[in-house]
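Following: one structure in structure tokens, then a few remarks.
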Amino acid sequence: MSDLPKAYEPQAVEAKWYAAWIEGKCFEADPASEKPAYSIVIPPPNVTGILHLGHVLNNTIQDILARRARQEGKEVLWLPGTDHAGIATQAKVERELREKEKLTRRDLGREEFLKRVWDFKEKHGNIIISQLKRLGCSCDWSRERFTMDAAYTKWVSHVFVELFKEGMIYRGKRIVNWCPVSLTALSDEEVIMKPQRSKLYYMKYELTDAPGEFLEISTTRPETLMGDVAVAVNPKDPRFTKYVGRTVYRPFPHAPIPVIADDHVDIEFGTGALKITPAHDKADFEIGLRHNLPIIDVLTPEAFINCPEVPDLHGLDRFVARRKAAAKLEEMGLLIKVEEYDNNVGFSERAGVPIEPRISMQWFLKYPRVQEAADAVANGEIQIRPERWAKTYAHWMENLQDWCISRQLWWGHQIPVWYRKDKLEGLKNAESLDMADFQSGDIHVGIEAPADEAGWVRDEDVMDTWFSSWLWPFATMADVGEETPTLKKFYPTTDLVTGPDIIFFWVARMIMAGFRFEGELPFKNVYFTSLIRDMKGQKMSKTLGNSPDPLDMMDQYGADGLRFGLMRIAPTGSDLRFDEVQMEEGRNFANKLYNACRFRQMGGTIEFPETDVEEDEGLVGMANCFHIDILAKLDELAVDLTRAYGDYRFGEIAQRLYEFLWSEFCDKFLEAVKGDLRETATPEARVVTLSVIDTVMSRFLQLLHPYMPHLTEELSLNMGYVDAGEFLMEAELPEQPVLAGLSADDLAIEQNKAAAIYETAGRLRNLKTEYHVAARRDVKLVVKGAVAWLEEQQQVLALLAGAGEILLDSTYEAPKGTPVALTPVGEIYLPLEGLIDVAAEKVRMTREIAKFEQELVRSEAKLANESFIARAPAEVVEQEKARITEWRTKLAQLREMLEGLG
RNA sequence: GCGCGCUUAGCUCAGUGGUAGAGCACAUCCUUCACACGGAUGGGGUCGCAGGUUCGAAACCUGCAGCGCGCACCA
């Protein structure tokens, strides 16, 4: 017996193996390799982020794919890195600055502030990288990238310049989504619509040419009333025809504004009349453009009222001002009523406050290669899984809006545009900037600053983080204009694994960028993971505090336990409910495997008997039905796994591995062959059994390796399946099955024998339990009408069933009331002196008879149905007939026995 | 409003036309020399509802309900 502890202790083992893999350069990809390439780029986590369960799921899947690909003989590149995450990172540093030094970023100035962010990044950055290592991720760390590396930054600028010169990027004054907390524009994707309980205010504006006559208007935003420049009605709305072209008084500041007609107005909604505030609503802005209306901005960037003409509102927070404006209307007798109203309000994804539509000067991108990108998914060049996400992708691609790519932040890639100082004022306020301005020489757009830098001022804005992320698959592999061996070998990448929440942010954009800048799709397969929820079905979030720390999980259950537990409940489609119990199961599974190996080690080394049986030729010849059965099941497992990997069915793979080891190998096979390892066993039996165990265990460890890399590596070494100095993770999966040289018929015969013994053992244990002798191992069993081959396996049956002795006796006359079971190997009696209870046995048998009768009736009814006979496939009919025969035989036997009881 | 998805045992989920499954939880028994992070046995389901197709439906079709998620300029 080995000195190994009884329970597996993962912590030290996991750390040891990760270090060994790094030392052995096992994760490093070789572009010069002859092997076919397999590549994944990691979805770069936020550089200052910390690992959450979403990362664990996502990266475990990638690691499984990468490790499996290595086993399949591929040259694997899993390229890691981190994202600078503009808003999130800047916000963190600003918060720290505010809390510790009571300073804002403007107090420090751009240069000093950026220095602080870099310091912060050095200090807190890469925590997540070490956490990914703890999880066992086999990334090629020698190629780690950061989206603000110099070379990467050059890519971002290059892309901007190219697209600008192509006319795809332009600057313009538009309504954008403004975050009043982060003080920057956001893209449409960064706005989250949330249902809100709001109020709908009904108010009335007096007609200038008809005092006492009013036009009724409804709005949810009375606080922007000062920015009203018109009232719009639908031209098809007969109620308002007479007003169109006239003017009404805006209450404050008191001024006449026109009543206009515009198709956009919904006749059904509210009063049917809409106040037009072009500065604070996207639709209003467009109506304003159509009708040539002025724009009056009445909000500060921080979303406070900016309207000195109305002193009692000026300077107020927008929501305070809303109530105040309503009160003011009421005072003036212009408020008709207020209704409760449910609507959707856009929130800033990062800051969590309602965004404010705001006019501002921003840079926009017209997406390139839209058609190619849409087609690539539609025609299957890029496979999206689960497939239904392809529809979401297609829908978005069909409704693309220009992308607002500028951000009023400092942390990020600064826009590579310079303005001539002497023309700065004019350029700053120009309604639009594009190629024409570039050609005139007033602006400079380039990767490098203009030569006479002093005469120029650089655009202050930075780019949306996703404007760097969308280049990730190729910008990580080669510098601008380079054709590196890495790019050549590993681009396009094979699989992308990410969450469906960033299908627009990232996936779709990468596809477009791939086509535009590399002339090729960036990846062939996209696998969208499930969203992790808690047991109540709520989204995991820091604020809810329902997000367990993966590091805690790893401390408790091991990285392998966490990986396996999580993958085992990872569904193919919908959300995943995280249940810590499952991680415990993962740990238990690791422990089970570990103990199965300890058991094998107790068997010691294999000493071949003098007959000189060679492993290869002797194995099948000497094997019994249990050996053959487990080898066949192992082969089946390997085939099933290959298919499941092909379909990205990770939960099913985990389930099959679990079931094989626990049920098939430990519960059945090991129990069946335990006798072979006892001192009483023949040397031949011992050798065969140990060999079969080794064959199964070594192959199983390899199949399990992608899911539990550390443990399988450890056990493979300890068991001697992998030589010291070599790695299981580098061993290729053999293509041949472990079982060979047996005809399908012979295999079926052997497997049926094994199944019959297992089933019989189950029946007997059941019988023992029913008669309350489950714990006794000395009971005697008698088999009547035994199948011919039972004799050779009766020892095993006794072992499995927990019987002291099994007698084969075809003439056995059971005492009345002897418990009996009908099994695939014959009638088995459990003669128990003093325990036999005729009445109880009668009841049990009557119950069993009733059960079979029911089955018989059902089957007979089916066969009596002419349509069934006529239309069902022959094999189904045959199956049914066979069942009837079986039921009848059993019923006859049981009735006879019941009669025997008297 | 449009679209997508889900609804199977107390819980988490498999099961895409042929007698309803797994794990956990539960109950009873077992500390027998791999493992109590274990072993054995057992109880538990009109497969959301209603129609339809079919010899046969948990599965296919239609409708409905509940839940979830996207998208959308109804102020």
Side-chain angles (χ1 to χ4, degrees), chain A residues 1-2 4 6-8 175 193 200-201 217-221 232 264-271 273-277 281-287 341 343-344 357 386 388-389 391-392 395-396 399 500-501 503-504 531 533 535 537 539 557 561 568-579 581-582 584-603 649 651-652 655 658-659 662-663 666-667 670-671 674 678 762 765-770 772-777 802 855 858-859 862 865-873 875-877 879-880 883:
Chain A
M1 169 98 191
S2 65
L4 292 170
K6 279 170 94 170
Y8 173 55
I175 285 268
M193 301 306 280
L200 187 59
Y201 300 86
I217 299 162
S218 45
T219 182
T220 52
R221 303 205 59 190
H264 168 78
V265 181
D266 182 351
I267 299 175
E268 305 293 321
F269 188 87
T271 63
L274 168 65
K275 75 187 195 67
I276 302 299
T277 324
D281 184 281
K282 198 175 178 209
D284 289 9
F285 178 77
E286 277 153 22
I287 293 172
Y341 178 63
N343 65 343
N344 284 318
R388 64 196 159 83
W389 292 109
K391 279 186 199 161
T392 308
H395 182 256
W396 190 72
N399 295 283
D501 49 332
I503 184 166
F504 310 136
L531 189 74
R533 296 173 173 281
M535 287 304 286
K539 220 168 157 170
Y557 309 117
R568 201 153 152 256
I569 52 169
T572 47
S574 47
D575 300 344
L576 177 161
R577 284 183 190 235
F578 182 81
D579 186 350
V581 170
Q582 295 294 336
E584 204 177 316
E585 289 303 301
R587 179 200 59 182
N588 294 354
F589 181 66
N591 191 56
K592 187 75 181 176
L593 176 61
Y594 169 84
N595 274 294
C597 287
R598 277 178 74 223
F599 176 68
R600 163 62 188 88
Q601 283 187 316
M602 285 166 57
R649 299 170 70 95
E652 187 178 311
Q655 193 51 46
Y658 185 94
E659 179 193 305
W662 209 302
S663 310
C666 291
D667 289 348
L670 283 187
E671 294 304 325
K674 261 183 181 170
R678 293 192 176 149
R765 287 189 300 249
N766 171 318
L767 209 60
K768 281 175 69 185
T769 304
E770 280 204 51
H772 309 292
V773 290
R776 280 175 56 180
R777 312 217 70 185
E855 299 284 5
R858 194 190 297 177
S859 289
K862 217 165 175 183
N865 185 334
E866 281 172 33
S867 306
F868 173 72
I869 302 293
R871 302 194 190 214
E875 64 200 65
V876 175
V877 176
Q879 202 182 348
E880 210 56 53
R883 268 181 209 142

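Naming convention: chains lettered A, B, ... in sequence-line order (proteins, then strands); numbering from 1 in each chain.
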Sequence neighbours excluded, which residues qualify as side-chain hydrogen bond (donor to acceptor under 3.5 Å, both in side chains) partners of [X]?
X: A/K282; result: none
X: A/Y557; result: A/E580
X: A/E652; result: A/R649

Inset, instruction - To the nearest Å, give me how far apart CE (A/M193) and C1' (B/G3) are. - result: 17 Å

Inset, instruction - Take the angle between the ring planes of A/Y8 and A/Y594 and call it parallel below 30°, perpendicular above 60°, tilted in between. - result: tilted

Inset, instruction - Identify the two heavy atoms, one from A/W389 and one from A/P500, that lie closest to each other, and give their separation to 0.1 Å. - result: CZ2-CB, 3.4 Å

Legend entry - Pairing nucleotide - B/G3, Watson-Crick or G-U, each distance under 3.5 Å: B/C69

Inset, instruction - Sort out the partner of B/A75 for me: Watson-Crick or G-U wobble, both distances under 3.5 Å, none otherwise. - result: none

The side chain of [X] is closest to which nucleotide in this list: [options]?
X: A/Y658; options: B/G23, B/C4, B/G70; answer: B/G23
X: A/N588; options: B/C4, B/C37, B/C35; answer: B/C37
X: A/F269; options: B/A34, B/A75, B/C55; answer: B/A75
X: A/R568; options: B/U19, B/A34, B/G23; answer: B/G23
X: A/R388; options: B/G5, B/G38, B/A34; answer: B/G5
X: A/F599; options: B/C55, B/C29, B/A34; answer: B/A34
X: A/Y341; options: B/A75, B/C24, B/G38; answer: B/A75
X: A/F868; options: B/C55, B/A34, B/A22; answer: B/C55
X: A/V265; options: B/A75, B/C35, B/G23; answer: B/A75
X: A/R858; options: B/A72, B/U19, B/C71; answer: B/U19

Within the 4.0 Å heavy-atom criterion, would you say [X] contacts the bases, only the backbone, or no part of the nucleic acid?
X: A/F285; result: nothing
X: A/R600; result: nothing
X: A/V581; result: sugar-phosphate
X: A/C597; result: nothing
X: A/A872; result: base
X: A/P873; result: base

Inset, instruction - With sequence neighbours excluded, tell me which residues meet side chain to side chain contact (heavy atoms under 4.5 Å, CB included) with A/R221. - result: A/T219, A/E223, A/T224, A/L299, A/R322, A/E356, A/P357

Inset, instruction - Let me know, please, whether A/E855 or A/R871 comes out on the 5' side of the other along RNA chain B by nearest nucleotide. - result: A/E855

Legend entry - Under-4.0 Å side-chain N/O to phosphate OP1/OP2 contact, A/Y201 with B/A75: no

Inset, instruction - Please name all residues satisfying salt bridge (Lys or Arg N to Asp or Glu O under 4.0 Å) with A/K862, sequence neighbours left out, ordered by chain then number. - result: A/E880

Between the protein and nucleotides 42-47 of chain B, which nitrogen or oxygen pairs are less than 3.5 angstrom apart?
from  : atom 1 : to     : atom 2 : distance (Å)
B/G42 : OP1    : A/N766 : ND2    : 2.7

